[in-house]
Amino acid sequence: MKKCLRCEQIYGDETNFCLADGTALVSFSGSFSNQGETPTVYGGAPPPTVQSGAPFVPPVSGAPETPRGRTLLIALAVGFFALLIGGAILGLIIYGLFKSDAGNISNTANSADKANKSASDGQRNAPENTVLKNKQQQEKSNRDQRSLEDDRQASDARKKEPAPPPTPSNATTAVIIDPPTNIRATPNGAIICVVRRRGTVVNILGSTNVKDGNGTWYYTDACGGRGVIHSTQIRF
């Protein structure tokens, strides 16, 4: 009997090489029912020869490639290509973001330059604008002052202008209380005559509607013609 020392497969005497791994078989003697028996190896025997028609399997140095090993290689290759594709996509995304940020930065810089230029132009024109604005404000103030002065003068003129004398039917009388009393042509105007006696009765023809801080001016004919007398000089 012969035995393969690598896989311990038992063969007949006509077989010289192990059909599983190609290892040269060795002869042994003894009972092979006892698995713990150490076989007897015949040394010095001539090297075995391959019988005609018997298949020869060359010995291998390592374990044969298995389907599991091929699957692992395929998975590694697929992962490598997936990593390359993912890196390319990520690179494109980063490039797009960088280009967008660069465009935004460029637009921001242009806007800042325009704003700075506008501010510089505004600063250069500021003195001229200020002078022109002050001039316009001064002209408006002068116009307003002239308008107010015209209104005041018109109001004063209306106050000083006596009302037309009433008709004699509306006349009443008053007594001079503080002589000498000046009878004037107009309120605070030229003196026509002077009443010097206290208690003199004079005709009051009506109000002139001209007033001052002390009282009102009235029409009278105390001087024989139309004149005016102040209310502080008479008592009704």
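By convention here, the first residue in the shown sequence is residue 1.
- Side-chain atoms of Lys2 come within 3.5 Å of backbone N or O of Thr15 as a donor-acceptor pair.
- Side chains of Glu149 and Gln153: a donor-acceptor N/O pair is present below 3.5 angstrom, by distance only.
- The two residues Asp178 and Thr232 make their nearest non-hydrogen contact at CB-O, 4.3 Å.
- Inter-residue side-chain proximity for Lys3 and Gln9 is flagged as unmet; no heavy-atom pair is nearer than 4.5 Å.
- With rounding to the nearest 0.5 angstrom, the CG atom of Leu73 is 9.0 Å from the OG1 atom of Thr71.
- Using a 3.5 Å distance cut-off with no hydrogens or angles, the side chains of Asn182 and His230 do not pair a donor with an acceptor.
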### Message
The test is side-chain contact (heavy atoms from CB on, under 4.5 Å); show your working for Val228 and Ile183 and say whether it passes.
### Response
CA-CA 6 Å; Val228 295; Ile183 307 301; over 6 Å; no
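- Under the 4.5 Å side-chain criterion, counting only non-hydrogen atoms from C-beta, Asp21 is in contact with Cys18.
- Interatomic distance, Glu14 CD to Leu25 CG, rounded to the nearest 0.5 Å: 10.0 Å.
- Between the side chain of Thr208 and the main chain of Trp217, a donor-acceptor pair closer than 3.5 Å is present.
- In this structure, Val194 and Thr181 have side chains that are not in contact, with every pair of non-hydrogen atoms separated by 4.5 Å or more.
- Using a distance-only test at 3.5 Å, with no hydrogens or angles considered, a donor-acceptor pair links the side chain of Arg184 to the main chain of Gly189.
- Atom OH of Tyr218 sits about 9.5 Å away from atom CG of Asn209, to the nearest 0.5 Å.
- Side-chain contact check for Gln138 and Asn134: no donor-acceptor pair (N or O, by modelled atom type) lies under 3.5 Å.
- Classification of Asp144 and Lys140 as a salt-bridged pair holds, one side-chain N sitting under 4.0 Å from a carboxylate O.
- Interatomic distance, Ser147 OG to Arg152 CZ, rounded to the nearest 0.5 Å: 12.5 Å.
- Residues Ile234 and Ala174 share a closest heavy-atom pair of CB-CB, 3.9 Å.
- In this structure, the side chain of Thr216 does not engage the main chain of Lys211 through any donor-acceptor pair within 3.5 Å.
- Proximity of Thr173 to Phe236: side-chain heavy atoms (C-beta onward) are nowhere separated by under 4.5 Å.
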Acceptor/donor pairs from residues 195-204 side chains to any protein atom, 3.5 angstrom cut, sequence neighbours excluded:
from	atom 1	to	atom 2	distance (Å)
Arg198	NH1	Ile177	O	2.3
Thr200	OG1	Arg197	O	2.7
Asn203	ND2	Asp221	OD1	3.4
Asn203	ND2	Asp221	OD2	3.4

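- Clustering ILVMFWY residues whenever any of their side-chain heavy atoms sit less than 4.5 angstrom apart, transitively, puts Ile89 in the very cluster that holds Leu97.
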